[in-house]
Each structure stands twice: as C-alpha cells, then as structure tokens.
Amino acid sequence: MAAILARAGATAAASGSLPKSTGRRRRNAVIVAAATGTGQAMPQEGALERPAWSGETPLSRLVGALIAFKPLYSLMKTAEKWNIPWREMTKKVLESDVYEVFERIRDPKLVYPDYYLSPFHAYDEGNLSWLAAAEAEPATMSIAKRAIPEATSIEEASQIVRGSWLNTIEEHHQKYSGNCEINDILDIGCSVGVSTRYLAEKFPSAQAVGLDLSPYFLAVAAQKEEKLSRQNPIRWVHANGEATGLPSDSFDLVSLAYVCHECPARAITVLVKEAFRVLRPGGTIALTDNSPKSKVLQELSPVLFTLMKSTEPFLDEYYMLDLEETMRQVGFANVCSILTDPRHRTVTATVPY
C-alpha cells in the first residue's frame with residue numbers, strides 16, 4: 001500500500017498536480033504565526049487553491065479507493081504517534097464520575113443529523129461513544145503538535161496555535177465591531193471544551209456557552225469544568241449547531257473551532273446561517289480549521305494525506321467549498337481569512353449594523 005501511494009504521489013508531483021517538497025523540513029522550522037508576537041515568519045501558502053489529493057483528482061480517487069477497505073481504515077487511526085500521555089488521559093476520564101454528568105447534560109429528545117451517525121475518526125459510533133470522548137483531548141493536543149512540530153513541548157505548540165487564533169479574533173472584533181464588547185460567547189461544536197476554555201480565559205468577563213451534538217463530549221467538558229474556579233462558569237448545551245434553539249441576537253462572538261471539516265457542505269452553510277442569526281449586530285464569527293491553501297498540507301506525504309482522509313469522510317466537501325463566499329452570501333461583512341499557523345486558517349467576519 002505504501003509503495004502504491006508513494007508512486008501515486010511521485011506521479012502527481014511529476015505531472016504538476018502536487019508540488020515538490022524539497023527542503024520541507026527546513027522550511028517548516030520557520031513557519032510559525034507572526035500573530036503570536038514571537039517575531040517569527042508568517043505561515044506560507046502553497047501554489048495551489050487546494051491540495052491535489054482533495055476533490056475529484058486522480059490522486060484523490062485512488063486514496064478514496066484505498067481507504068474504503070475497513071482494515072486499512074482502522075489501521076490509519078494509530079499510524080501517527082506523539083509524545084502525549086494518551087492512555088493515561090483516556091483512563092482518567094473513563095474511571096471518573098463523568099457518567100453521572102452525562103445523565104444531567106443529555107437531551108434525550110435531540111434528533112441527530114444523518115451525517116453525524118456515521119463512523120468517524122475511526123470510531124464505529126462516531127462521536128457518540130465514551131472512547132471518542134475520552135480520547136478527544138489528547139487528540140486535540142496533537143493538532144497543535146502537528147501544526148508546530150518544531151515546538152519543544154505540547155504546551156508550547158498549543159500556546160502558539162491557540163494564541164495566534166485568539167489574537168486574530170480579538171483584532172478583528174476591535175477593528176470591525178464598532179466598540180461592541182464581547183460579553184457573550186457561543187462555541188459551536190465545542191467537543192470536550194478545549195476551545196471553549198481558551199475563549200473563556202481570553203475574555204474572562206464574558207459568559208461562555210459550549211454547545212455540541214455529543215452528550216459524551218459535553219459530559220467530559222462539564223466534568224472537568226466543575227473542578228475549576230472561574231469568575232463566569234461555562235454553560236454547556238446539548239444541541240445541534242445548525243438549530244441551536246438559542247435566542248436571536250444574543251451573542252457577541254460565535255466560534256467554530258475545527259468543526260467545518262467534519263461536516264458536509266450543506267451543514268457548513270446552515271451552521272454559518274445559524275451563527276448569523278444568534279449574533280448581535282457588530283458581532284464576530286470566527287471559524288478556524290484546515291487551510292486548503294496551506295503549503296504544509298499541500299505537500300503532505302502520501303501516507304499522511306491518506307491517514308487524514310481515512311478518518312475525515314467530509315474532507316473533500318470542505319476543501320471544495322468556498323467558505324468565505326458562503327459567509328458573504330449569508331450576510332456577513334468584513335470577511336477576512338488568514339493563516340494563523342502553518343496548517344490552519346482563521347476566517348473572521350462581522351454581522352452588519
């Protein structure tokens with residue numbers, strides 16, 4: 001399999017559909033977001049609009065055929081390893097009182113979208129399982145380490161990735177909000193609350209709400225939050241981000257962190273519309289996710305891009321969607337897109353007055 005993929009990648013590079021990656025390790029060492037204030041170089045965009053392994057290219061179809069085999073699909077989950085205490089963190093969650101929190105937080109009447117019930121991230125039950133919830137935080141930590149592999153620790157990588165994202169949100173809001181303060185924050189697709197906690201710490205005077213479709217993820221988020229002392233405790237809501245049930249014009253900031261690439265295009269559009277509805281005039285939306293224009297992602301090795309596509313069933317739809325134009329069509333103004341680290345972009349926009 002590796003040999004087939006290697007030949008496919010080499011053929012694509014030779015034909016011009018996949019950029020060559022000569023010296024990629026050296027370049028990656030200096031690609032860190034300037035928004036962190038470190039004075040390091042800005043992340044780089046690649047030569048393409050999106051990776052050659054996405055969409056309906058020959059390389060993309062080959063990858064799709066390979067990962068259709070169930071044994072390979074399962075194997076890919078463990079192909080990448082980082083220096084993260086994965087088993088220890090998972091064990092701690094599974095042996096906690098999280099099950100009691102689950103009963104309190106779950107809405108038994110919630111109807112799940114069809115796409116949410118499919119196998120996902122190599123879990124047969126998708127996000128509706130205890131194992132997926134227990135492993136979510138170490139998996140989230142790996143996002144930062146993959147983005148900043150030269151970081152000396154997981155903590156340093158997370159500070160760079162999350163710091164750049166938060167600074168971008170703050171700068172956009174200050175520039176376009178018309179002096180509207182951030183008093184209410186909604187984090188859609190909050191998972192186990194990692195992004196929600198970062199937002200709450202960045203804007204400590206605001207009331208933050210973490211919303212997710214998985215009651216398993218929310219139980220883990222809420223159980224951890226109960227042990228923290230916070231001026232404004234985070235509120236957790238089990239609901240569908242496409243139809244939150246929350247009042248219109250009730251938030252100053254809506255965030256979707258690493259959510260859109262996990263959804264079909266139709267769901268992304270509805271999520272953006274719902275964010276527009278619940279935001280106040282002058283409010284800011286911030287979507288951070290994989291960047292189709294990332295030089296690093298465009299130059300991934302065949303094994304790594306196959307790993308990515310094997311656990312992300314809607315990745316092609318995400319890469320083919322013009323997210324910025326979708327936001328404009330919904331009604332957002334001041335749409336800005338910036339690479340906030342070598343792999344990820346943050347797209348911000350404003351609800352007009």
Side-chain angles (χ1 to χ4, degrees), residues 101 105 107 110 116 127 133 136-137 139-141 143-144 158 161-170 172-173 177 181-226 228 230-263 267-268 270-280 283-289 327 332 340 344-351:
V101 182
I105 212 163
D107 178 3
L110 184 62
Y116 200 74
N127 290 335
E137 186 164 3
T140 299
M141 293 165 66
I143 291 175
S158 296
V161 171
R162 299 289 183 169
S164 181
W165 161 62
L166 290 169
N167 289 341
T168 298
I169 293 173
E170 183 178 46
H172 182 101
H173 194 77
S177 70
E181 294 185 1
I182 295 180
N183 295 316
D184 295 282
I185 300 170
L186 175 61
D187 189 22
I188 294 177
C190 68
S191 182
V192 293
V194 175
S195 56
T196 323
R197 290 192 292 272
Y198 272 105
L199 289 164
E201 289 161 11
K202 178 69 174 179
F203 306 101
S205 63
Q207 173 63 62
V209 175
L211 182 147
D212 203 271
L213 266 169
S214 172
Y216 301 87
F217 285 6
L218 286 172
V220 173
Q223 194 263 352
K224 184 166 186 174
E225 182 69 13
E226 286 176 356
L228 303 176
R230 197 185 299 280
Q231 176 184 342
N232 292 314
I234 297 171
R235 182 163 69 95
W236 307 101
V237 176
H238 182 211
N240 186 348
E242 298 174 54
T244 63
L246 299 171
S248 300
D249 304 331
S250 55
F251 293 93
D252 307 298
L253 171 63
V254 171
S255 169
L256 290 96
Y258 311 108
V259 172
C260 291
H261 77 278
E262 299 185 350
C263 303
I268 297 173
V270 179
L271 286 167
V272 172
K273 288 180 178 178
E274 180 68 356
F276 188 88
R277 184 187 69 81
V278 301
L279 277 167
R280 298 179 178 119
T284 297
I285 184 175
L287 302 95
T288 190
D289 219 310
M327 294 165 72
F332 282 102
T340 41
H344 306 110
R345 63 178 172 179
T346 298
V347 186
T348 49
T350 311
V351 173

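Every heavy atom of this structure was used, including side-chain atoms; hydrogens, water molecules and symmetry mates were not.
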Begin with the C-alpha distance, continue with both residues' side-chain angles, and end with the deciding distance and a verdict on side chain to side chain contact (heavy atoms under 4.5 Å, CB included) for Cys190 and Val209.
CA-CA 9 Å; Cys190 68; Val209 175; over 6 Å; no

Show your reasoning for whether side chain to side chain contact (heavy atoms under 4.5 Å, CB included) applies to Trp165 and Ser255.
CA-CA 11 Å; Trp165 161 62; Ser255 169; 3.7 Å; yes

Go through Phe203 and Asp252 one step at a time and tell me if the side chain to side chain contact (heavy atoms under 4.5 Å, CB included) criterion holds.
CA-CA 11 Å; Phe203 306 101; Asp252 307 298; over 6 Å; no

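Counting only distance, with no hydrogens or angles, the side chain of Glu274 and the backbone of Thr244 share a donor-acceptor pair below 3.5 Å. A distance-only check finds a donor-acceptor pair linking the side chain of Arg277 to the backbone of Leu246 [under 3.5 Å]. At distances below 3.5 Å, not a single donor-acceptor pair connects side-chain atoms of Glu225 with backbone N or O atoms of Val220. A donor-acceptor pair under 3.5 Å links the side-chain atoms of Asn232 to the main chain of Ser205, judged by distance alone. With hydrogens and angles disregarded, a donor-acceptor distance shorter than 3.5 Å links the side chain of Asp289 to the backbone of Cys260.
In Arg230, the CZ atom is crowded: over 12 heavy atoms of neighbouring residues, nucleotides or ligands sit closer than 6.0 Å. Within 6.0 Å of atom CD in Glu181, 12 or fewer heavy atoms from other residues, nucleotides or ligands are found, so the atom counts as exposed in its surroundings.
Once rounded to the nearest 0.5 Å, the distance linking CD1 of Ile182 with CD1 of Ile169 reads 7.5 Å. Note that NE2 of His344 and CG of Leu287 are 13.5 Å apart. Values are rounded to the nearest 0.5 Å. One finds the CD1 atom of Ile185 at 5.5 Å from the CG atom of Leu199 (value rounded to the nearest 0.5 Å). The CD atom of Gln207 sits 8.5 Å away from atom CZ of Phe251, with the distance rounded to the nearest 0.5 Å. Between the CD atom in Glu170 and the NE2 atom in His173 there is a gap of 9.5 Å [rounded to 0.5 Å].
With Thr288 as reference, Thr346 is the one residue of Thr346, Thr348, Thr168 to meet the side chain to side chain donor-acceptor pair (under 3.5 Å) rule. Put simply, the residue from Val270, Asp212, Leu213 that forms a side-chain contact (heavy atoms from CB on, under 4.5 Å) with Asn240 is Leu213.
For the pair Tyr116/Ser214, a side-chain contact is recorded, criterion being any heavy-atom separation below 4.5 Å from C-beta on. Residues Val272 and Phe332 meet the side-chain proximity criterion, which asks for heavy atoms closer than 4.5 Å. You'll find the side chain of Thr340 stays beyond 4.5 Å of the side chain of Val161, heavy atoms only. Looking at Arg162 and Ser195, their side chains come closer than 4.5 Å, going by heavy atoms from C-beta outward. Residues Val351 and Phe276 are in side-chain contact: their nearest non-hydrogen atoms beyond the backbone lie under 4.5 Å apart.
When only modelled atom types and interatomic distance are considered, Thr196 and Asp187 share a side-chain donor-acceptor pair under 3.5 Å.
Take Arg197 and apply the side chain to side chain donor-acceptor pair (under 3.5 Å) test, not counting sequence neighbours, and it matches no residue.
Of all the heavy atoms in Lys202 and Asn167, the pair that sits closest is NZ-OD1, 3.3 Å.
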